[in-house]
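Quick notes on the structure that follows.
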Amino acid sequence: MSEQVIAGVRDLLPVLRERAQDTEDARNVPEESVKALQETGFFKMLQPKPFGGLESDPVSFYTAVKLIASACGSTGWVASILGVHPWHVALFDAQAQQEVWGEDEDVRISSSYAPMGKAEVVEGGYRLSGRWSFSSGSGHCTWVLLGGPAFKDGKPVDFCTYLLPIADYTIVDVWDTVGLRGTGSNDIVVEDVFIPQHRALSFIATSKCKVPGQAVNPGPLYRLPYGSVHPSTITAPIIGMAQGAYDAHVEHQRKRVRAAYAGEQSKEDPFAKVRIAEAASEIDAAWLQLTRNIDELYEMAKREERLPADLRLRVRRDQVRGTERAIAAIDRLFENSGGRAIQRGTPIQRFWRDAHAGRVHAANDAERAYVMFGTGVFGLPVENAMY
């Protein structure tokens, strides 16, 4: 079934490519694009089977994401973010899953995980308030996942992800950026809302891969670490953007004539060929490392083996490195694309801006990931739970 979804996504690429500028201008992915992706089954790839999902292997999901992002960076970003949330909801208590998907298995969920609000522990759950930024694709969703500390008697006692229906939050349109302009990553405002216990998921449980949802979703997909699945969800579309920039650059250079060099055709320029080779290698390396690592994790989960810390740390190391490689490839190509490439509407400059915007996501904090890896290599305790 995953192959059919990927084939359906491939068929959509020309129209997503044509809509890329309109997506940027509207500061939001068109509803037509979201519906078209939904019809391919894309948003159900990581959704549990009891609720109409496909429970696809994660590399198939990332492959579809990469393809979408190679046509339109903003659409690929939103697709990746919204597409991974069914996986996260599947980790919640069964009652929460029923509330989300019980009446509509096509429900979409956005998120903002940064601790921009806080919750107070009360009888039966929490009281949550705050304002969260960067909720990509939120205008296409009717549920949201929000991160924040939980306090009791004025002291922090946990860090949780809270699951809220749209009646409990407000979307504030603030999105106006230089990159990923079409993602509609607006603010979410919550004012003293009660969150029942079953719609809160402790990050301590998540980091240990021991969550309530596994009682009803025992498959290997839901035994994978959050710190592997979610950061890779950020890097996969950036690699896709690099591929899109590469394809656009090659097509541009094939036709380009350089007036400053006596009418030399760019396709005959040996230095242009070197840049193309370097960029292609960086993109391939980024993708091969990401998919190798996730495949290895998934195969171990299928065998119900313990997922070792050194592998989980390698996943994070290569995830941030994958983003760096993708950015390096785009930069190398953009530098040699010529003045016409910076004109508004050209795909090369749009991919360049989108990828750099994605680079600043917290999941791409390379130094922290590298320090975690090095700490593990020396046999020291890794304090950061994001792996």
Side-chain angles (χ1 to χ4, degrees), residues 16 19-20 22-38 42-43 45-46 61-62 64-66 68-89 107-117 130-148 161-164 166 169-190 226 229-241 244 319 323 350-351 353-365:
L16 295 180
R19 289 176 182 160
D22 290 340
T23 298
E24 175 162 291
D25 293 343
R27 297 181 300 114
N28 204 17
V29 176
E31 186 64 32
E32 295 83 359
S33 295
V34 174
K35 288 181 178 178
L37 288 170
Q38 180 174 306
F42 170 80
F43 292 115
M45 292 187 81
L46 302 186
F61 171 74
Y62 295 133
V65 166
K66 180 189 173 201
I68 298 164
S70 74
C72 173
S74 287
T75 303
W77 183 269
V78 169
S80 194
I81 299 296
L82 302 192
V84 78
H85 291 152
W87 175 86
H88 197 182
V89 171
V107 161
R108 291 185 292 272
I109 308 121
S110 68
S111 70
S112 181
Y113 292 107
M116 298 178 180
R131 181 166 180 152
W132 288 259
S133 299
F134 310 113
S135 188
S136 299
S138 51
H140 298 289
C141 302
T142 54
W143 287 80
V144 70
L145 293 158
L146 300 173
T161 302
Y162 308 95
L163 179 60
L164 289 74
I166 196 167
Y169 64 90
T170 302
I171 301 172
V172 183
D173 187 347
V174 297
W175 193 243
D176 188 8
T177 56
V178 297
L180 293 176
R181 284 185 58 79
T183 61
S185 302
N186 288 308
D187 286 6
I188 302 291
V189 176
V190 177
Y226 177 96
V229 174
H230 262 265
S232 298
T233 298
I234 297 303
T235 294
I238 295 176
I239 297 174
M241 294 170 208
Q319 171 260 315
T323 293
R350 186 169 54 244
F351 281 122
R353 288 185 290 106
D354 287 347
H356 276 272
R359 168 64 182 83
V360 301
H361 190 282
N364 289 321
D365 192 338

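Note that the structure is a prediction, hence the values are computed from the model and not measured. Counting from 1, the numbers follow the sequence of the chain as shown.
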[X] vs [Y] side-chain heavy atoms within contact, under 4.5 Å:
{"X": "Ile166", "Y": "Cys141", "result": "no"}
{"X": "Thr170", "Y": "Ile188", "result": "no"}
{"X": "Arg353", "Y": "Leu180", "result": "no"}
{"X": "Tyr113", "Y": "His230", "result": "yes"}
{"X": "His88", "Y": "Val229", "result": "no"}
{"X": "Val172", "Y": "Asn186", "result": "no"}
{"X": "Met241", "Y": "Pro237", "result": "yes"}

Using every non-hydrogen atom in the two residues, find where [X] and [Y] come nearest and quote the distance to one decimal.
{"X": "Trp175", "Y": "Ser185", "value": "CE3-O, 3.1 Å"}
{"X": "Ala20", "Y": "Ala71", "value": "CB-O, 4.2 Å"}
{"X": "His85", "Y": "Ser110", "value": "CE1-C, 3.4 Å"}
{"X": "Gln319", "Y": "Pro231", "value": "OE1-CB, 3.2 Å"}
{"X": "Phe43", "Y": "Val34", "value": "CE1-O, 3.6 Å"}

Review point. Is it the case that Thr233 and Ser80 place a side-chain donor and acceptor less than 3.5 Å from each other?
Key: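 Per modelled atom types, Thr233 and Ser80 side chains form no pair under 3.5 Å.
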
Review point. Quick check: are there more than 12 heavy atoms from other residues, nucleotides or ligands sitting under 6.0 Å from OH of Tyr162?
Key: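 Yes, OH of Tyr162 has more than 12 neighbouring heavy atoms, counting only those of other groups under 6.0 Å.
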
Which distance, rounded to the nearest 0.5 Å, do you find between the [atom1] of [X] and the [atom2] of [Y]?
{"X": "Ile238", "Y": "Thr323", "atom1": "CD1", "atom2": "OG1", "value": "4.0 Å"}
{"X": "Phe351", "Y": "Ser74", "atom1": "CZ", "atom2": "OG", "value": "10.0 Å"}
{"X": "Thr23", "Y": "Glu32", "atom1": "OG1", "atom2": "CD", "value": "9.5 Å"}
{"X": "Thr177", "Y": "Glu24", "atom1": "OG1", "atom2": "CD", "value": "8.5 Å"}
{"X": "Leu16", "Y": "Ser33", "atom1": "CG", "atom2": "OG", "value": "5.0 Å"}
{"X": "Leu163", "Y": "Leu146", "atom1": "CG", "atom2": "CG", "value": "9.0 Å"}

Review point. Do any pairs count as a salt bridge (charged side-chain N to carboxylate O under 4.0 Å, His left out) and have a residue in residues 78-88, sequence neighbours left out, and if so which ones?
Key: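 The answer is none; no pair qualifies.
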
Check your understanding: Which residues pass the side chain to side chain contact (heavy atoms under 4.5 Å, CB included) test with Phe42, sequence neighbours left out?
Key ->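 Phe42 satisfies side chain to side chain contact (heavy atoms under 4.5 Å, CB included) with Val5, Thr40, Met45, Phe61, Ala64, Val65, Ile68, Ala79 once adjacent residues are dropped.
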
Review point. Partners of His361 by side chain to side chain contact (heavy atoms under 4.5 Å, CB included), sequence neighbours excluded?
Key: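 Result, side chain to side chain contact (heavy atoms under 4.5 Å, CB included) vs His361: Trp77, Ile234, Ala363, Asn364.
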
Polar side-chain atom of [X] near backbone of [Y] as donor-acceptor pair, under 3.5 Å:
{"X": "His140", "Y": "Val78", "value": "no"}
{"X": "Thr183", "Y": "Ser136", "value": "no"}
{"X": "Trp132", "Y": "Ala114", "value": "yes"}

Exercise for review: Name the orientation class of the two ring planes belonging to Tyr226 and Trp87 (parallel below 30°, tilted from 30 to 60°, perpendicular beyond 60°).
Suggested key: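 Tilted: the ring planes of Tyr226 and Trp87 meet at 30° to 60°.
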
Review point. Looking at residues at least two apart in the chain, or sitting in another chain, which of them share a salt bridge (Lys or Arg N to Asp or Glu O under 4.0 Å) with Arg27?
Key: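 Here the qualifying residues are Asp173.
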
**Study point:** Check against side-chain contact (heavy atoms from CB on, under 4.5 Å), Arg131 and Val190
**Key:** CA-CA 6 Å; Arg131 181 166 180 152; Val190 177; over 6 Å; no

Check your understanding: Which residues pass the side chain to side chain donor-acceptor pair (under 3.5 Å) test with Asp22, sequence neighbours left out?
Key ->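 Scan of Asp22 (side chain to side chain donor-acceptor pair (under 3.5 Å), adjacent residues dropped) gives none.
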
Point to revise | Counterpart residues, side chain to side chain donor-acceptor pair (under 3.5 Å), relative to Thr75 (two or more places apart) | key: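 In terms of side chain to side chain donor-acceptor pair (under 3.5 Å), with neighbours along the sequence ignored, Thr75 is linked to no residue.
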
Check your understanding: Can you tell which of Ser112, Ser135, Ser133 makes a side-chain hydrogen bond (donor to acceptor under 3.5 Å, both in side chains) with Asp187?
Key ->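 That would be Ser133.
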
